[in-house]
Amino acid sequence: MRGPVVVLGDTLLDRDVEGVVNRLCPDSPVPVLDETTATDRPGGAGLAAVFAAAQGAEVVLVTALADDAGGARLSALLSAAGVQVYPLALAGATPEKIRLRARGRVLLRHDRGGTSGEPGQPSDEVLRVIAAASAVLVSDYGRGVARQPALRDALAATRAPVVWDPHPRGPAAVPGVHLATPNESEVRELVPALPGASRLATASRGAQGLRRRWRAGAVAVTLGGDGALLCHAGSTPLVVPTPGSAEGDTCGAGDRFAAAASLALAQGALVSEAVQVAVAEASAYVAGGGVAAALPPAGPPVRARSAPGSRALQPGPRGRAVADRVGVAAVATLLGEVRAAGGTVVATGGCFDLLHAGHVATLEAARQLGDCLIVCLNSDGSVARLKGPDRPVQSEGDRSRLLAALSCVDAVLVFDEPTPAAALSWVRPDVWVKGGDYATGGGDATAGLPEAEVLRRWGGNTVVVPYLDGRSTTDLIVRTLAGRTR
């Protein structure tokens, strides 16, 4: 493959709540689910991207993320799965789909997130990555990303094969897509069936109708456990049966089908070959236990808590109590306010184990570059993995409180990963700041920063600010320990 596989579309936060039912509610004749476990995962386009990344492909996801805890959680989950997120701004809340399950069966699905918000404009980097793709999968869940005009222009212009997984509430596919992959019910909504027509006749008529309407190269209608029906230039459709029994949880099977077809096309397969691969992959996925078996267990949720004990602290100089400056909720509130006013969001990061004058100088310089400063702080676990088992000296709660109490810091976000890439994909700062000790002398001082590549995804900038020479947390610890041994 000459470039990444690009997945473009709406991402949801899916949550499976497993439990047991042993009684009815006393005030209403409904079962009571006693929760035993809850699992989060990316849904929609995010799930398709995770499936593609699990096959070893380089995967870029172009999606919209909201400024809320759900958006932060999605960013962390996608980053952990090896997906490069190129986020667009999303007005409103993260859409969530919650399935309440007992004994392997879904009792109820609870959707929340409200009406679709408008996704923001893509950056030049997003348009470039679409142009350089080896294949593009549009995973439309009817929430607006596939309708974005600049993205549609880029899809129409790319030379890569485009697979379009449609939604009845979404827009028509851009003209010339290689393959569209609706399921049976979507085909019936998009192309009304003739009364009394057989299942295959309905699928074939719908596929041919969509192929002509969208000027698509081919349309594959997925038929659940019976495989898929492919219509292309010829008048006779190709029926691809499943290789065996495929009974089980079908949640995500359509995403698995579309992702497998996209990867096959990226590797040079014919459309008919790609559909056969996709049927086999989707069938094995369902037979193997579905999404619960296909995805590794997710890590702990991004924490939206305040620093322990900080409720007793006094309000900071910018009007918020220190406790109200720490965590996902605090950052989301700040982002909403600053962006609504057209302001510039600045972020920086680090361990800040022993806060010293060098840290303060960097933070003060960073704050002058915009209208707010968000500090991405390594968690205790992250610091230990980076610095060794004897670090940090101070807990993340204490470190958060100290940073949040500074007049130049507007909010603190704790992250568990080795790098702040996932946090940055959610925050989408306009400017990322590093202290001058990261400059190596000569050339572009930011060229070696991994965050610089992440910032380019949405058009952000990375800068280095001067630091105070001779200030180092490690040196402070060494000198302190040396003084104790004298």
Side-chain angles (χ1 to χ4, degrees), residues 7-19 35 37-54 59 61-101 106 108-120 139-146 165 167 169 249 251-252 254-256 259 290-292 294-305 327-329 331-332 335-336 413 415-417 421-428:
V7 181
L8 183 153
D10 312 292
T11 300
L12 303 83
L13 179 59
D14 283 358
R15 178 173 292 119
D16 276 356
V17 177
E18 297 281 351
E35 179 179 333
T37 62
T39 303
D40 293 347
R41 63 176 182 275
L47 183 59
V50 169
F51 286 152
V59 179
L61 174 63
V62 178
T63 193
L65 293 178
D67 292 335
D68 59 9
R73 178 63 169 150
L74 279 173
S75 183
L77 291 169
L78 291 163
S79 178
V83 176
Q84 302 173 44
V85 181
Y86 282 59
L88 312 175
L90 177 63
T94 296
E96 297 185 39
K97 183 175 68 178
I98 304 166
R99 300 193 306 168
L100 304 181
R101 295 163 46 94
V106 178
L108 180 70
R109 199 181 98 180
H110 172 203
D111 289 359
R112 63 187 180 192
T115 56
S116 306
E118 287 295 323
S139 182
D140 183 18
Y141 273 71
R143 301 190 68 90
V145 172
D165 193 6
H167 192 281
R169 295 196 305 271
D249 185 0
C251 179
D255 298 303
R256 185 61 172 259
V291 70
L295 297 187
V302 175
R303 291 160 293 175
R305 69 196 192 297
V328 172
V331 175
L335 290 173
L413 179 66
F415 65 93
D416 288 312
E417 297 78 18
L424 290 177
S425 295
W426 173 61
V427 174
R428 300 184 308 278

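The structure presented is a predicted model; accordingly, all values stated were derived computationally and were not measured. The figures that follow rest on heavy atoms only: side chains count, while hydrogens, waters and symmetry mates do not. Sequence positions, counted from 1, serve as the residue numbers for this chain.
Between the CZ atom in Phe415 and the CG atom in Leu424 there is a gap of 8.0 Å [rounded to 0.5 Å]. For the atom pair CG (Leu47) and CZ (Arg41), the distance works out to 6.5 Å, reported to the nearest 0.5 Å.
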Does Val291 form a side chain to side chain contact (heavy atoms under 4.5 Å, CB included) with Asp14? I'd like the steps, not just the answer. CA-CA 11 Å; Val291 70; Asp14 283 358; over 6 Å; no
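Looking at every heavy atom in both residues, Asp255 comes nearest to Ser139 through OD1-OG, 3.8 Å. Taking all atoms of both residues into account, the shortest heavy-atom contact from Gly44 to Leu12 is CA-CD1, 3.8 Å. Residues Gly113 and Arg143 share a closest heavy-atom pair of O-NH2, 4.1 Å. Shortest non-hydrogen contact noted between Val328 and Ala69 is CG1-CA, 3.3 Å. Summarising the geometry of Ala45 relative to Gly9, their closest heavy-atom pair is CB-C, 3.6 Å, with the distance given to 0.1 Å. Here the shortest heavy-atom pairing between Pro42 and Val50 reads CG-CG2, 4.0 Å.
Between the Arg428 side chain and the Trp426 main chain, a donor and an acceptor come within less than 3.5 Å of each other. Side chain of Ser79 to main chain of Ser75: no donor-acceptor pair is present (N/O by atom type, distance under 3.5 Å, no hydrogens or angles).
With sequence neighbours excluded, the residues that form a side chain to side chain donor-acceptor pair (under 3.5 Å) with Thr63 are Thr11. Under the rule for a salt bridge (charged side-chain N to carboxylate O under 4.0 Å, His left out), Asp10 has no partner lying at least two apart in sequence or in another chain.
Open room surrounds CD on Glu118; 12 or fewer heavy atoms of other groups in view lie less than 6.0 Å from it.
Checked against Leu74 for a side-chain contact (heavy atoms from CB on, under 4.5 Å), the options Leu13, Leu61, Val85 give a single hit: Leu13.
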For residues 91-100, dump all side-chain donor-acceptor pairs below 3.5 Å to protein atoms at least two apart in sequence or in another chain.
residue, atom, partner, partner atom, Å
Thr94, OG1, Asp68, OD1, 2.6
Thr94, OG1, Asp68, OD2, 3.3
Thr94, OG1, Gly71, N, 3.0
Glu96, OE1, Arg15, NH1, 3.3
Glu96, OE1, Arg112, NE, 3.2
Glu96, OE1, Arg112, NH2, 3.2
Arg99, NE, Asp16, OD1, 2.9
Arg99, NH1, Asp249, OD1, 3.4
Arg99, NH2, Asp16, OD1, 3.4
Arg99, NH2, Asp16, OD2, 2.9
Arg99, NH2, Asp249, OD2, 3.1

